[in-house]
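Chain A is the first sequence line, chain B the second, and so forth, proteins listed ahead of strands; every chain is numbered from 1. Because only heavy atoms are used, hydrogens play no part in the values below, and waters and symmetry mates are left out as well, while side chains stay in. What you see is a predicted model; the values in this text were computed from it and never measured.
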There are 2 protein chains.
Amino acid sequence: MLQMDPMRPLDPALPITPQLTQRLRDRIIRNHLKPGDRISETEIAKVYDVSRQPVREAFIKLADQGLLLIRPQRRTVVSRIAYQDVLDARFLREAIEADIVRLLAKTRDDALIGTLRAQIELQKRVHADDLETFTQLDEQFHRMLADAVGKAGTWSFVEGVKAQMDRVRFLSLFDYPMALLIEQHTQIVDAVEARDLDRAEENARQHLRLMLDYLPGVIAANPSFFDLPEGGLAPSVNTPTLGGEYT
Amino acid sequence: MLQMDPMRPLDPALPITPQLTQRLRDRIIRNHLKPGDRISETEIAKVYDVSRQPVREAFIKLADQGLLLIRPQRRTVVSRIAYQDVLDARFLREAIEADIVRLLAKTRDDALIGTLRAQIELQKRVHADDLETFTQLDEQFHRMLADAVGKAGTWSFVEGVKAQMDRVRFLSLFDYPMALLIEQHTQIVDAVEARDLDRAEENARQHLRLMLDYLPGVIAANPSFFDLPEGGLAPSVNTPTLGGEYT
DNA sequence: ACTGCCATACTTCCATACAAGTTTGCAATA
DNA sequence: TATTGCAAACTTGTATGGAAGTATGGCAGT
């Protein structure tokens, strides 16, 4: 497993800012830095033994992704997980991946099907408690779908939005429906192979809607990590989806 | 009309970086700064009479949006309009707005319909050569759709992606199909009012596919502004859509 | 005329210093 | 004890200086 020790020195030969951004992003998404934690440019600069400037630039990037909240002249804190942001990110992913999968089914490529099935086999081999590895494989699977229809550039935008969803993912360490997710991956590939556009799309949408089922439980278990709308959870009002169940 | 003179001094009471970012972004999107133009931190800093630091931060933001290409230790140039980026941005918008409009038709709100129709009336009153005003109204129209389904946050994501599309828009100053766009807006609202989910979605998709018809002409008229794939335009290969015409 | 080398100028990246505003805590006062 | 005022210690925003690398143009040599 990759070392994630925050104190491991950076590689001075490589550009500092991207390294810092990645490290801090990981620490936030994995909840090592918890929502509400204060974080200051000078502090981080000291820890990694660099100047404030690259730290600042990393902060700005993370603030753009909604992971930090910079209040000028006041402080910078790790932002809580905005409920609405999670829903928005999920909505975007569903919309985008629905079309990607539909395209994929339309332009089916047999070699690709094989690659995808092999990748799913890797997912099955992951131990039930190794969320880390599974997350990487899951991410890879979805990126492969985008790549396959020539929309690799599209996926990089999705990644920028995914941050809030990933934080939720790392909070649901237990009762993670790994087997179900793998089964859904298989069903998506099945539908693509069958060139069934509608079924492929519907399977992808259901797959991406699954987190909505688990979100309330994760929030209930970690209420202080979330930034909820007034009056607590009322998903039926604020988060209509196209599925019907959540309208 | 808003003053866009690049030399107008910034407001020193407000944060410099966002002001700079906005100004530069406008100048690039409106092609005052043309693809390939060199641009340097010190130069811009002198023009606006600020230090290099906020300029640098603005550069980074614009590079993230694909408007600038920063080559460390070499130079920074206004990036050409990447053909693939335009297609990707359009694809994302179609996927997202298709779902937004579908949701809208599902949760129809009579008051909203009236607001939208009134907004379309404003579009009709714009003079044929006033692309500036029409662009603002068109943008507002689409944002209203997102707002109406509680997906305002989603729209800010779209805005980040839209930059490359907007550059194309400002290149197609003439033969701009304003009347057709307005007609399509009307058809979208009609379908929403009729609660016809499928037709609303299809109308939105067609609306957002329209630029594909004009893109080749714009490119042919401004070839040096674009960054084309090897061997020139082959949209039928590289840009499958769900519509069928471009598959 | 043409080629290869080298000094110079220019670029971004990082470090450091300063400015402006906010928070914090203590002390003075009622 | 409670409250008010102020000063010091923070915060981020901006300015400036130096370092490392690259483009550029002139000059020497052929």
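- C/dC14 atom P lies 11 Å from atom CD of B/E41, rounded to whole Å.
- For B/S51, no side-chain nitrogen or oxygen approaches OP1 or OP2 of D/dT14 to under 4.0 Å.
- Residue B/T17 places at least one side-chain N or O closer than 4.0 Å to OP1 or OP2 of D/dT14.
- The distance between atom CZ of B/R52 and atom P of C/dC10, rounded to the nearest whole Å, is 14 Å.
- Contact check for A/F157 versus A/K162: no side-chain heavy atoms found under the 4.5 Å cut-off.
- When the P atom of D/dA9 is taken as reference, atom CD of A/E43 falls 19 Å away, rounded to whole Å.
- Side-chain N/O atoms of A/T42 include none lying less than 4.0 angstrom from OP1 or OP2 on D/dC10.
- When the P atom of C/dC10 is taken as reference, atom CZ of B/R56 falls 20 Å away, rounded to whole Å.
- For B/S40, taking side-chain heavy atoms from C-beta onward, the closest of the listed nucleotides C/dC13, D/dT12, C/dT11 is C/dT11.
- One interatomic measurement links the two molecules: CG of A/L62 to P of D/dT12, which rounds to 13 Å at whole-angstrom precision.
- With DNA chain C read from its 5' end, the first of the two nearest nucleotides for A/L14 and A/Q73 is the one closest to A/L14.
- Annotation: A/D49, atom CG; neighbour count of heavy atoms from other residues, nucleotides and ligands within 6.0 Å does not exceed 12.
- Each of A/R74 and A/I16 lies near DNA chain C, and the nucleotide nearest A/I16 is the one positioned closer to the 5' end.
- When distances run from any side-chain atom of A/P15 to the nucleotides D/dT12, D/dA15, C/dC14, the shortest one goes to C/dC14.
- Scanning for salt bridge (Lys or Arg N to Asp or Glu O under 4.0 Å) contacts around A/D138 gives A/R169, with sequence neighbours left out.
- Contact annotation for A/I60: no contact, since no heavy-atom pair falls under 4.0 Å across all strands.
- Per the geometry, CD1 belonging to B/I44 stands 15 Å off C1' belonging to C/dC10, to the nearest Å.
- As a whole-Å value, the separation of A/I70 CD1 from C/dT22 P is 17 Å.
- If you take CG of A/D11 and P of C/dC14, they are 12 Å apart, rounded to a whole angstrom.
- Nearer the 5' end of DNA chain D, as judged by each residue's closest nucleotide, is the contact made by B/Q53, out of B/R38 and B/Q53.
- Nearest heavy-atom pair, A/V78 versus A/L68, reported as atom, atom and distance to 0.1 Å: CA-CD2, 3.9 Å.
- In this structure, of D/dT14, C/dT16, C/dT24, it is C/dT24 that holds the atom nearest to the side chain of A/R75.
- Ring pair B/F134/B/H185 is parallel by interplanar angle, where below 30° counts as parallel and above 60° as perpendicular.
- Judged by distance alone with a 3.5 Å cut-off, no donor-acceptor contact links the side chain of B/R71 to the base of D/dG21.
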